[in-house]
Number of protein chains: 2
Amino acid sequence: MSAQNICPRFEKATELLGKRWVALIVYDLMSGPRRFGEIDADLANLSGKMLAERLKELETEGIVKRDVYPETPVRIEYSLTEKGKALEPILGEITKWSSEWIELN
Amino acid sequence: MSAQNICPRFEKATELLGKRWVALIVYDLMSGPRRFGEIDADLANLSGKMLAERLKELETEGIVKRDVYPETPVRIEYSLTEKGKALEPILGEITKWSSEWIELN
């Protein structure tokens, strides 16, 4: 298999999904819309700054959308787009593989 | 879903698979045993130093195995273990997702 066979779309997807925390953020949003603070609480080891950065990138990539509700105080929710929800089978396969092959020391 | 629900095995798997180049190296080895130079040629943007580092890590994680054939010159081949081959469904789902959702600019 030569370099030409490594599909550029596959390569771009692995770069995007491989970024630290992306899979966990998407996994967290699979259960529905969440506020920043809720995601932050769910991913304890992730800094607020990094979470904000990743959410911005995921918005730019069309995987996450951000809804602002003009209440008092303003309510902002993050949720997966169709493109984001379509990642579920990948996360499902990672879950399967990890439960069979990953040992926790 | 609280932090406790993010399965530590899933988290460890995403950390491992998310490392830059890992998915592409595993993808490359899915087609069978390969020498260092062959993998290096297939992944043009990846430096030899980084490839050596990633192969070492993948060996430590039990995903790749390294076979030395005492010929002249010595022949060294890398191939996927059962644990490595079990990653195929994940790569398959990434391929499907990327072909549907990733646009190349």
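Residue numbers begin at 1 in each chain, while the letters A, B, ... track the order of the sequences.
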Practice problem: Measure the CD1-CD distance between Ile102(A) and Glu15(B) for me, rounded to the nearest 0.5 Å. | Solution: 9.5 Å
Practice problem: Using a cut-off of 6.0 Å, state whether more than 12 heavy atoms not belonging to Glu71(A) lie near its atom CD. | Solution: yes
Self-check item: Other residues, nucleotides, ligands: >12 heavy atoms within 6.0 Å of Arg35(B) CZ
Solution: no
Quiz prompt | Glu103(B) versus chain A, the contacting section by heavy-atom distance below 4.5 Å | solution = backbone
Quiz prompt | Enclosure of Glu88(A) CD (heavy-atom neighbours >12, cutoff 6.0 Å) | solution = no
Exercise. Of all the heavy-atom pairs spanning Trp97(B) and Ala13(A), show the shortest one and how long it is.
Key: CZ3-CB, 4.0 Å
Self-check item: chain B interface, residue from Leu87(A), Ile63(A), Thr95(A) that has the most non-hydrogen pairs under 4.5 Å
Solution: Leu87(A)
Quiz prompt | Distance in Å, Leu91(A) CG paired with Glu93(B) CD, rounded so as to fall on 0.5 Å steps | solution = 10.0 Å
Exercise. Under 4.5 Å, counting heavy-atom pairs only, tell me which of Leu16(A), Ile94(A), Val22(A) racks up the most with chain B.
Key: Ile94(A)
Quiz item: Does any heavy atom of chain A fall under 4.5 Å from the side chain of Glu11(B), the backbone, both, or neither of them?
Solution: both
Quiz item: Do Tyr69(A) and Leu80(A) share a hydrophobic cluster, counting only Ile, Leu, Val, Met, Phe, Trp and Tyr and linking them when any side-chain heavy atoms are less than 4.5 Å apart?
Solution: no
Self-check item: Shortest non-hydrogen contact between Ser98(A) and Arg9(B), atoms and distance
Solution: O-CD, 3.3 Å
Practice problem: Please tell me if the side chains of Phe10(B) and Leu24(A) come closer than 4.5 Å, counting only heavy atoms from C-beta onward. | Solution: yes
